[in-house]
Amino acid sequence: MADLVETFGGHFMSPVQDPYTAYARLREQEPVKLLDLWMGPGYLVTRYDDVRTVCTDPATFSSRSNANGIGLVMGRTILEMDAKEHTKHRAIIAPAFVPKALRSDLPDLIAAMVHELIDRFASDGSADLVAQFTSTIPIRVIAYVIGIPMQDYKTFHHWGLDIIGFTDDPPRGYEAAQNLVEFLRPLLAQRRAEPTGDLMSRLVHAEVDGERLTDEEIFSFLRLLLPAGAETTFRLIGNTLYALLDNPAALEDVRADRQKIEWAIDETLRWESPVQYASREATQPTVLSGVELPAGAQILLALGSANRDAAHFVDADRFQLARRPEEHFAFGFGRHFCAGAHLARLEARIAVNALLDRLSDLRFAPGSERSIVGLAFRSPTALPVVFSASRPRRS
Ligand code: HEM
């Protein structure tokens, strides 16, 4: 546990293998633990019930804490807003991601992207599904939804990584945020003059209480969406593939009945949550699991720990395809519930389905090293697989 506690001091992007043993002990002995977090002292909350309490009481537990965290590089976004301000801004952004508002060609576009990637390695009989598959799909999708030229997605990927990794390297995070703004500025001007139906066009013409959003507000939204949409979803796809490859019986089950891909995605979200923390600040003195928190207390919700709380999930450390878990917190809970949850699930479903359609006999490369790692975000760094080689689809 000492290691985990030290890690919280500054290295949120550390490739920690197993935070779960420490979480289990914390849930049992110190469920609300005062730690030295990178931005100062804060309480780590590890139990399911406490995480739920915090997420469902935004009056006592404000999201303004995000202003001192990720907000420093992203600017002011809905993540750090409370009450009416949050409701107003969310009303602009959230409808853009509900199923019927997403461009109707999106599923076909995602499928085409995914098959094009598989074409590149289908005849090789082996691949690293992180480097060659999962890492590029979501960044291209979010770039498309926002309206960013597709040829620039690699640059965006780097900026996204630098933005979410800013706690470990602040100057790089700020530079990426600034580069992104400079890149977006002329695109916004174009959309203002000539809307095209993409998200940028929607944002430049949207109104909050009869007023248009300022450029700075729009940049902040987009700075949030780039990493929120890409750096999380590629991890979900990687974790789902890892879970299935690591459980061959589940893989066969899903291969035979594709509806179960939904189960696999949901259980993966619980078992290895791609985003491990959400942050809040106490607005008044309060008590959680018997611990008194002063007004202004910084709170870090360990979503990944809550999702493995044995008080709510039987055999919580095991991936079980048929679990049909009760509510988990991988997408948060309450008012700030992830606005992109539907899009993330859609991408994961299409990607996994396509791989199963195209690659028979898919399995981990024998003897290969593999694991899911990370503290703030979790995913495999590599997914070395072998399969029966097949022809590219379009050859
Ligand atoms: C597997 C993929 C994803 C995971 C695990 C994830 C996780 C989360 C979590 C935990 C929160 C809640 C934060 C809090 O309560 O403070 C959140 C909020 C949010 N997410 Fe996601 N996310 C994912 C994908 C996406 C995608 C694809 C988008 C956009 C297209 C997106 C956009 C957002 C936005 C805008 C918020 C802020 C909502 C609010 O504050 O009202 N996310 N996400």
Side-chain angles (χ1 to χ4, degrees), residues 45 51-52 54-58 61-67 69-71 74 76-83 85-99 101-103 106 110 134 137-148 160 164 198-199 202-203 220-240 265-266 268-281 299-304 306-307 328-349 351-352 374 376-379:
V45 174
V51 168
R52 195 185 170 104
V54 170
C55 287
T56 45
D57 182 1
F61 300 100
S62 159
S63 286
R64 67 185 175 218
S65 53
N66 283 305
I70 198 74
M74 286 183 182
R76 190 161 175 75
T77 71
I78 50 172
L79 257 189
E80 67 181 67
M81 293 176 189
D82 289 319
E85 188 191 16
H86 174 255
T87 310
K88 272 193 289 187
H89 282 80
R90 190 164 163 125
I92 291 177
I93 197 165
F97 293 103
V98 300
L102 285 173
R103 290 174 168 197
L106 195 59
I110 299 172
T134 64
I137 302 163
I139 189 75
R140 293 187 192 202
V141 172
I142 196 71
Y144 176 77
V145 169
I146 291 174
I148 285 163
I164 61 163
D198 57 22
L199 186 68
R202 185 187 177 110
L203 291 177
S220 296
F221 268 145
L222 298 178
R223 265 188 306 237
L224 166 65
L225 283 183
L226 171 65
E231 297 315 322
T232 53
T233 309
F234 98 84
R235 294 174 201 275
L236 170 61
I237 302 172
N239 291 350
T240 306
I265 292 170
D266 222 30
T268 300
L269 281 161
R270 180 203 69 81
W271 174 68
E272 276 292 5
S273 308
V275 174
Q276 289 273 309
Y277 303 114
S279 147
R280 296 291 186 270
E281 181 179 315
I299 296 164
L300 200 58
L301 301 173
L303 307 173
N307 287 341
H328 59 67
F329 303 127
F331 287 122
F333 195 71
R335 290 198 188 167
H336 288 267
F337 183 82
C338 176
H342 167 75
L343 180 60
R345 286 177 195 276
L346 178 76
E347 290 179 48
R349 198 165 57 232
V352 175
F377 302 93
R378 284 184 69 76
S379 57

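Counting convention: from 1, in listed order, for ligands and their atoms alike. What's counted below: heavy atoms across the whole structure, side chains too, no hydrogens, waters or symmetry copies.
For atom 38 (C) of ligand 1, the nearest non-hydrogen atom of the protein is Arg90 NH1, 3.4 Å. Nearest protein heavy-atom contact of atom 7 (C) of ligand 1 is Ala330 O, 3.6 Å. Of the protein's heavy atoms, Leu79 CD2, 3.8 Å lies nearest to atom 13 (C) of ligand 1.
A salt bridge is absent between Arg64 and Glu80: the closest approach of a Lys/Arg side-chain nitrogen to an acidic carboxylate oxygen does not fall below 4.0 angstrom. Under the 4.0 Å criterion applied to side-chain N and carboxylate O atoms, Arg76 and Glu85 are assigned as salt-bridge partners.
When all heavy atoms are compared, the tightest approach of Ala302 to Val51 is O-CG2, 4.4 Å. Here the closest heavy-atom approach between residue Gly304 and residue Ser273 is recorded as CA-OG, 4.0 Å. Shown here for Pro274 and Thr232, the closest heavy-atom pair between the two residues is CB-O, 3.8 Å.
Annotation: Glu347 places no N or O atom under 3.5 Å from an N or O atom of ligand 1; distance criterion only. In terms of polar-atom proximity, Thr233 is not counted as a contact of ligand 1, lacking any N or O under 3.5 Å from an N or O of the ligand. Checked against a 3.5 angstrom limit, the closest N/O atoms of Arg280 and ligand 1 fall inside it. In terms of polar-atom proximity, defined here as any N/O pair under 3.5 Å, Ser63 makes no such contact with ligand 1.
A donor-acceptor contact shorter than 3.5 Å is absent between the side chain of Glu231 and the backbone of Ala228. In terms of modelled atom types and a separation under 3.5 Å, the side chain of Asn307 and the main chain of His328 share no donor-acceptor contact. Side-chain atoms of Asn66 come within 3.5 Å of backbone N or O of Leu79 as a donor-acceptor pair. Without hydrogens or angle criteria, Ser65 side chain to Ser279 main chain gives a donor-acceptor distance under 3.5 Å.
By the criterion of a heavy-atom distance under 4.0 Å, both the backbone and the side chain of His336 are placed next to ligand 1. Looking at Arg335 against ligand 1, only its backbone comes within 4.0 Å, counting heavy atoms. Contacts between Leu303 and ligand 1, counted as non-hydrogen atom pairs separated by less than 4.0 Å, involve the side chain only. Residue Thr77 does not touch ligand 1, judged by heavy-atom distances below 4.0 Å. For Leu343, every heavy-atom contact with ligand 1 shorter than 4.0 Å involves the side chain, none the backbone.
Within ligand 1, the atoms closer than 4.0 Å to a non-hydrogen atom of Leu236 are 1 (C), numbered from 1 in the order shown. Below 4.0 Å from some heavy atom of Ile142 lie the following atoms of ligand 1, by number and element: 30 (C). The Leu225 neighbourhood of ligand 1 comprises atoms 29 (C), with distances under 4.0 Å to a heavy atom of that residue. Close approach of ligand 1 to Phe97 is summarised as follows: ligand atoms under 4.0 Å from at least one heavy atom of the residue are 30 (C).
Arg335 meets the salt bridge (charged side-chain N to carboxylate O under 4.0 Å, His left out) test with no other residue; sequence neighbours excluded. Remark: His86 engages His336 in a side-chain hydrogen bond (donor to acceptor under 3.5 Å, both in side chains) (not counting sequence neighbours). Among residues two or more places apart in sequence or in another chain, the side-chain hydrogen bond (donor to acceptor under 3.5 Å, both in side chains) test is passed with Arg52 by none.
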**Request:** Please assess Asp82 against Ser62 for the test side-chain hydrogen bond (donor to acceptor under 3.5 Å, both in side chains), listing each intermediate value before the final yes or no.
**Result:** CA-CA 6 Å; Asp82 289 319; Ser62 159; 2.5 Å; yes
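By the 4.0 Å heavy-atom criterion, His86 is counted among the residues contacting ligand 1.
Atoms of the protein (N, O or S only) found under 2.8 Å from atom 21 (Fe) of ligand 1 are Cys338 SG.
Between the CG atom in Leu269 and the CG atom in Leu236 there is a gap of 4.5 Å [rounded to 0.5 Å].
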